[in-house]
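So you know, we letter chains A, B, ... as the sequences are listed, proteins then strands, and number each from 1.
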Amino acid sequence: MDKVYDPHTVERKWYSFWNEKNLFRADSQSGNPPFCIVIPPPNVTGVLHMGHALNNTLQDISTRFKRMAGFNALWLPGTDHAGIATQNVVERELQKEALTPEMLGRDGFTERVWEWKERSGGLIIEQLKRLGCSCDWSRERFTMDKGLSRAVREVFVKLYEEGLIYRGDYIINWCPRCKTALSDLEVEHEDTKGHLYHIRYPLADEQGYLIVATTRPETLLGDTAVAVNPGDERYGRFVGKHVILPIVDKKIPVIGDSYVDTSFGTGVLKVTPAHDLNDFEIGKRHKLDVVKVIDDDGRMNERALHYEGMDRFECRTKIIEELQAKGLFERIEDYPMGVGRCYRCKTVVEPSLSLQWFVSMKRLAEPAIEAVREHRVRIVPEMWEKVYFEWMENIKDWCISRQIWWGHRIPVWYCDHCGKMYVSREEPKTCQECGGSLRQETDVLDTWFSSGLWPFSTLGWPDKTDDLDAFYPTSVLITGFDILFFWVARMIMMGLHFMNDVPFRDVYIHALVRDAEGKKMSKSKGNVIDPLLVMDQYGTDAFRFTLAMLAAQGRDVLLSEERIEGGRNFVNKIWNASRLTFALLENIGPVEGAEQSSFLPDKWIRSRCRKVAREVADAIDTYRYSDAAHQLYNFIWHEFCDWYLELIKPVLYGKVSGADRAATGRVLQETFRDIVTLLHPFMPFVTEELYQRMSDKKSASVMIAPFPEGNDSEADERSEGEMDVIFGVIDAIRNIRGEMAVAPNQRVDVLIRAERERALIEEYAYFIKELAKIEKMAFTETKPERSAIGIYKDVEIFVPITDTEVIHRELARIEKELTKIQGEVTRIGKKLQNRDFREKAPEEVIRKEEAAHGELLSRQEKLIGNRTRLEGILGR
RNA sequence: AGGCGCGUAGCUCAGUGGGAGAGCGCUACCUUGACGCGGUAGAGGUCAGGGGUUCAAUACCCCUCGCGCCUACCA
């Protein structure tokens with residue numbers, strides 16, 4: 001084995017090994033309890049980024065753990081067709097060939113997208129495999145495949161029949177770049193520095209004008225009224241009169257509507273029902289005309305007079321110029337405002353009146369709110385429940401139609417002749433009313449419409465399948481908070497509505513990955529760390545383990561190369577520990593028939609290992625991945641490597657007479673196997689490599705090795721307590737050596753004064769001497785004069801001092817510690833004298849404080865004793 | 001505007017109603033027969049500030065300041 005672990009040589013081989021052995025596969029007929037996760041399907045256009053890496057690492061940890069713990073584990077993978085994103089990608093590709101979608105036509109274009117999908121769409125799946133994901137690839141799904149498309153149609157038709165889907169004219173968010181409607185969630189809000197323009201609208205029947213304040217002067221061309229608050233003393237009298245709409249020179253009414261805020265702007269509101277949600281509502285109340293002046297491509301249309309064909313933002317400037325020229329411009333002031341942008345292409349979204357399809361949400365939301373309130377779906381961390389409720393309780397109808405070609409085409413047909421509409425699972429041939437020919441609706445559905453069905457459509461719905469029986473509801477959904485509304489909430493609503501049961505029992509919401517400065521990683525900021533490069537450079541296992549360590553609940557994950565380096569060092573540490581372990585075991589030969597060891601370090605490490613196994617299992621089960629990883633890190637590095645391996649070296653090298661080498665070898669072997677097994681969910685590749693090298697492996701793969709049973713009742717508290725004494729004594733001696741600047745390789749003599757612990761220390765004297773680098777160790781009844789003192793509980797350790805300069809150093813050290821102790825003694829002493837404390841604090845706390853107080857006093861006394869002796873030597 | 005979250009060692013972060021922790025960084029020493037991607041020891045904190053509840057607060061409540069995020073139809 002190499003001195004340094006090389007991930008590249010081992011990682012490749014094991015993934016195909018698992019695959020060939022069919023270890024990823026779940027069985028719907030299995031008698032084992034089910035555990036199921038459906039993957040948040042990445043976009044087919046996607047390449048693996050840090051968010052995916054974290055998300056899928058956590059899913060894999062849970063899945064691998066549950067599989068090893070005896071569950072019938074299914075991690076169901078797949079990808080999302082990502083309507084707008086994918087269409088954009090293919091459009092860009094066409095551009096290179098000087099083609100447009102229009103030139104290919106709808107069928108030609110979608111064919112191109114499928115081609116593209118077959119060619120490049122599998123990239124992210126391959127990257128997930130590199131990450132080590134143990135998905136059941138035989139069940140991989142795609143939101144546009146036959147089965148899922150059928151599920152989409154079924155849901156659309158059912159909801160329509162139930163009156164929960166409707167079509168109508170409403171103000172929606174329009175992206176002039178993508179040329180499609182967007183749902184409210186697909187609009188990103190951004191604070192920008194805007195302006196408030198004050199414009200004069202001349203009165204029609206008398207002198208003067210009303211001054212209107214607006215952030216969007218270009219929409220003036222579509223104004224059909226001016227509104228004031230009817231109770232406004234300044235303007236009330238104008239209600240019912242008219243003003244002349246500037247530039248257009250058209251008479252429009254002044255209306256009274258309580259929506260108008262008298263304290264905002266001038267108190268006069270221009271009303272453009274076709275380009276503003278509130279104006280639209282006002283327009284409905286007052287039956288106003290609706291004049292659309294901006295086209296689907298963001299340019300002014302024929303209703304915009306001489307501005308026809310001009311870009312909406314250029315028009316804004318020109319309109320102001322024209323108003324100034326006409327003396328109708330009052331003034332301009334800075335005004336911070338929110339601008340909506342398309343989440344795909346960042347173009348400023350245009351609120352626009354449009355005929356679209358909607359899902360009526362209220363009735364669907366109510367049971368979904370209940371389900372979370374009653375914890376039939378448990379959201380972890382709980383804090384996200386509030387966010388969920390907040391949104392669900394104020395939910396608005398969902399615009400689901402998109403004016404693009406890539407996606408599930410809405411299953412609605414219109415008769416060319418009589419206009420009758422058919423909503424149907426199967427394509428109707430001709431109009432039943434008049435026999436006329438039918439044309440299918442050209443719009444497709446929002447991608448999230450099909451994603452919302454994912455937990456049951458992937459398991460075979462609408463058919464009744466074994467998979468649905470076995471795995472629905474799924475166990476847990478693991479995802480980031482950024483798609484809580486987009487996806488999680490909708491799955492809960494759809495699952496309840498169509499399956500009559502929640503889609504998953506738990507939702508674990510993990511943090512976002514950010515850079516070391518806490519900034520969101522983005523290509524434009526140039527602060528992205530590419531997970532694939534990281535895996536190349538540091539190894540997949542190191543990367544995964546680092547992510548798990550950083551994935552504390554409810555916090556952002558700040559990733560830096562230094563952290564990953566730490567992960568790599570840990571993997572390397574394990575690698576080297578295994579080199580030693582294998583060498584030691586080979587050295588002593590077979591250990592299978594060995595006796596149960598009575599060697600204290602053996603009993604101690606077994607006890608610790610069982611506890612850690614238990615804690616790791618608990619932590620993964622409750623999504624505390626970071627806790628689990630830290631437990632393992634500390635146990636393996638600081639207990640197994642730093643202490644245990646060092647303690648057993650002399651035994652296994654045959655330097656301790658009377659030791660049962662085989663018994664200790666057996667414990668080493670068992671413990672090492674446990675460690676590798678416990679680590680496997682976190683670092684699948686090295687652990688498989690090491691497992692396969694073991695002479696005592698229990699399964700064909702560590703992937704299906706039983707997860708070590710942790711059991712607190714088997715904890716060996718007595719052995720742990722005794723080891724603490726040994727550790728305490730060694731630490732005390734090392735501390736003195738360090739403080740007195742004794743070189744690490746220089747052996748020292750020590751005298752030990754102990755009563756109760758004497759037998760134990762004597763028994764393990766050899767090990768103490770080895771680990772603390774002691775030449776001669778002896779016991780004493782009296783306190784030697786010329787020595788430095790180390791204390792562990794009642795045990796006093798003396799290291800003789802020869803040099804006067806060292807005496808001064810020791811005195812300084814004692815002084816420093818005494819100061820610290822004095823503070824503590826005073827603090828606890830006060831507490832113990834407090835009558836309220838003695839009366840009201842729990843018995844246990846009082847005893848604990850008394851014990852601490854006593855120990856401090858005894859330590860203080862010992863230190864003072866030594867100080868007095870040393871000062872005596874110096875003749876003070 | 002409302003909501004949520006966060007301010008703990010130089011940096012990044014855990015943590016808990018009763019003796020302040022980790023990783024990295026830093027200092028000193030060390031080729032101890034697995035590992036320098038290592039070992040041993042060490043320095044470093046009024047747990048943002050103020051008030052309250054409590055025998056006891058870094059932790060629970062309120063306020064202030066600073067930072068981040070989400071939701072929102074005030075033009």
Novice: Of all the choices, B:rG33, B:rA75, B:rU32, which nucleotide is nearest to the side chain of A:Thr215 once you look at every atom?
Specialist: B:rA75
Novice: What about A:Lys386: does its side chain form a donor-acceptor pair under 3.5 Å with the base of B:rG5?
Specialist: no
Novice: Do any side-chain nitrogens or oxygens of A:Asn576 fall under 4.0 Å of OP1 or OP2 in B:rG38?
Specialist: no
Novice: Rounding to an integer number of Å, can you tell me how far A:Ile574 CD1 sits from B:rA34 P?
Specialist: 18 Å
Novice: Describe the nucleic acid contact of A:Asn587 in one word from base, sugar-phosphate, nothing, applying a heavy-atom distance below 4.0 Å.
Specialist: nothing
Novice: For the ring pair A:Trp643 and A:Phe727, is the centre-to-centre distance below 6.0 Å?
Specialist: yes
Novice: With heavy atoms under 4.0 Å as the rule, sort A:Glu646 into base, sugar-phosphate or nothing.
Specialist: base
Novice: Report which part of the nucleic acid A:Val387 touches: base, sugar-phosphate, or nothing (heavy-atom distance under 4.0 Å, all strands).
Specialist: nothing
Novice: Please state whether the phosphate of B:rG39, meaning OP1 or OP2, lies under 4.0 angstrom from any side-chain nitrogen or oxygen of A:Trp637.
Specialist: yes
Novice: Where the side chain of A:Glu849 is defined as all heavy atoms beyond and including C-beta, which of B:rG19, B:rA75, B:rU31 is the nearest nucleotide?
Specialist: B:rG19
Novice: Could you tell me if the side chain of A:Pro217 sits less than 4.5 Å from the side chain of A:Arg316, heavy atoms only?
Specialist: yes
Novice: Quick one: pull up CG in A:Asp803 and CZ in A:Arg809 and give me the separation to the nearest 0.5 Å.
Specialist: 8.0 Å
Novice: When you measure from the side-chain N and O atoms of A:Tyr653 to the phosphate of B:rU32, is any distance below 4.0 Å, counting only OP1 and OP2?
Specialist: no
Novice: Which whole-number value in Å describes the distance from A:Lys820 NZ to B:rG44 C1'?
Specialist: 12 Å
Novice: Using atom C1' of each nucleotide, how far apart are B:rG68 and B:rC61 to the nearest Å?
Specialist: 24 Å
Novice: Go nucleotide by nucleotide along RNA chain B from the 5' end; which of A:His638 and A:Val187 gets its closest nucleotide reached first?
Specialist: A:His638
Novice: If we require ring centres under 5.5 Å and near-parallel planes under 30°, does A:Trp575 stack on B:rA34?
Specialist: no
Novice: When we call it a touch if two heavy atoms are under 4.0 Å apart, what does A:Asn634 touch: a base, just sugar-phosphate, or nothing?
Specialist: nothing
Novice: When the P atoms of B:rC6 and B:rG38 are compared, how many Å lie between them, rounded to an integer?
Specialist: 34 Å
Novice: Rounded to the nearest 0.5 Å, how far apart are CG of A:Asp232 and OG of A:Ser258?
Specialist: 12.5 Å
Novice: Taking the side chain of A:Arg827 as heavy atoms from C-beta outward, which of B:rU32, B:rG19, B:rC37 is closest to it?
Specialist: B:rG19
Novice: Which nucleotide in the list B:rA75, B:rU31, B:rC55 gets nearest to the side chain of A:Tyr335?
Specialist: B:rA75
Novice: Start at the 5' end of RNA chain B and walk down; is the nucleotide closest to A:Asp191 or to A:Arg734 reached first?
Specialist: A:Arg734
Novice: Within the distance-only criterion (no hydrogens, no angle test), does the side chain of A:Arg737 pair as donor or acceptor with the backbone N or O of A:Lys773 below 3.5 angstrom?
Specialist: yes
Novice: Any N or O donor-acceptor pair under 3.5 Å from the base of B:rC35 to the side chain of A:Lys573?
Specialist: yes
Novice: Just call it for A:Tyr259: base, sugar-phosphate, or nothing, with non-hydrogen atoms closer than 4.0 Å on any strand.
Specialist: base
Novice: Using a cut-off of 4.0 Å on non-hydrogen atoms, how would the nucleic acid contact of A:Val212 be classed: base, sugar-phosphate, or nothing?
Specialist: nothing
Novice: Is A:Pro351 touching bases, backbone alone, or none of the nucleic acid, heavy atoms closer than 4.0 Å?
Specialist: nothing
Novice: I'd like to know if A:Lys830 reaches the base of B:rA56 with its side chain, counting only an N/O donor and acceptor under 3.5 Å.
Specialist: no
Novice: Report the relative orientation of the aromatic rings in A:Trp637 and A:Phe570; use parallel for angles under 30°, tilted for 30 to 60°, perpendicular for over 60°.
Specialist: parallel
Novice: Take atom P in B:rA9 and the same atom in B:rG49, then report the distance between them in whole Å.
Specialist: 11 Å
Novice: Starting the side chain at C-beta, find the nucleotide from B:rG39, B:rA75, B:rG42 nearest to A:Asp261.
Specialist: B:rA75
Novice: Under 4.0 Å between any heavy atoms, over every strand shown, what does A:Glu739 touch: base, sugar-phosphate, or nothing? Just pick one.
Specialist: sugar-phosphate
Novice: Does A:Lys396 reach a base, just sugar-phosphate, or nothing at all? Heavy atoms under 4.0 Å.
Specialist: sugar-phosphate
Novice: Rounded to the Å, how far apart are A:Lys649 NZ and B:rC35 P?
Specialist: 8 Å
Novice: Have a look at A:Glu770 and say if it touches a base, only the backbone sugar-phosphate, or nothing, with a 4.0 Å heavy-atom cut-off.
Specialist: nothing
Novice: Distance between the P atoms of B:rA28 and B:rU8, in whole angstroms?
Specialist: 29 Å
Novice: Using the ring of each side chain (for Trp, its six-membered ring), is A:Phe640 parallel, tilted or perpendicular to A:Phe635, with breaks at 30° and 60°?
Specialist: tilted
Novice: Answer yes or no: does a side-chain N or O of A:Lys816 lie under 4.0 Å from OP1 or OP2 of B:rA43?
Specialist: yes
Novice: When we call it a touch if two heavy atoms are under 4.0 Å apart, what does A:Glu565 touch: a base, just sugar-phosphate, or nothing?
Specialist: nothing
Novice: In whole Å, what is the span from the NZ atom of A:Lys773 to the P atom of B:rG39?
Specialist: 15 Å
Novice: Output yes when at least one side-chain N/O atom of A:Asn735 is less than 4.0 Å from OP1 or OP2 of B:rG42, else no.
Specialist: yes
Novice: Begin with the C-alpha distance, continue with both residues' side-chain angles, and end with the deciding distance and a verdict on side chain to side chain contact (heavy atoms under 4.5 Å, CB included) for A:Ile797 and A:Ile789.
Specialist: CA-CA 6 Å; A:Ile797 300 129; A:Ile789 188 171; over 6 Å; no
Novice: What nucleotide, of B:rC73, B:rC24, B:rC37, holds the atom closest to the side chain of A:Glu562?
Specialist: B:rC24
Novice: P atom, B:rG51 versus B:rG44: distance in rounded Å?
Specialist: 28 Å
Novice: Under 4.0 Å between any heavy atoms, over every strand shown, what does A:Phe640 touch: base, sugar-phosphate, or nothing? Just pick one.
Specialist: nothing
Novice: Roughly how far apart, to the nearest Å, are B:rG15 and B:rG7 at atom P?
Specialist: 10 Å
Novice: For a quick check, tell me whether the side chain of A:Arg579 and the base of B:rC35 share a donor-acceptor pair closer than 3.5 Å.
Specialist: no
Novice: Taking atom CZ of A:Phe280 and atom OG1 of A:Thr272, what is their separation to the nearest 0.5 Å?
Specialist: 13.0 Å
Novice: If you round to the nearest 0.5 Å, how far is OG1 of A:Thr664 from CD of A:Gln669?
Specialist: 12.5 Å
Novice: Grab the CZ-P distance between A:Arg563 and B:rA22 for me, whole Å please.
Specialist: 13 Å
Novice: What's the spacing between A:Ile574 CD1 and A:Tyr633 OH if we round to 0.5 Å?
Specialist: 10.0 Å
Novice: If we take the C1' atom in both B:rC62 and B:rU12, what is their distance in whole Å?
Specialist: 31 Å
Novice: What is the distance, rounded to the nearest whole Å, between atom CD of A:Glu390 and atom C1' of B:rG2?
Specialist: 8 Å
Novice: Can a side-chain donor-acceptor contact be found between A:Tyr235 and A:Asn229 if the only test is distance below 3.5 angstrom?
Specialist: no
Novice: Round to the nearest Å and state the distance from A:Phe485 atom CZ to B:rC70 atom P.
Specialist: 10 Å
Novice: When the distance from CD1 of A:Ile828 to C1' of B:rA56 is rounded to whole Å, what number comes out?
Specialist: 13 Å
Novice: From C-beta outward on A:Met383, which listed nucleotide comes closest to its side chain: B:rG42, B:rC74, B:rG5?
Specialist: B:rG5
Novice: Where does RNA chain B pair, written as one dot-bracket string 5' to 3', with Watson-Crick or G-U pairs under 3.5 Å, ( ) inside the strand, [ ] for crossing pairs and | for another strand?
Specialist: (((((((..((((....[..)))).(((((.......))))).....(((((..]....))))))))))))....
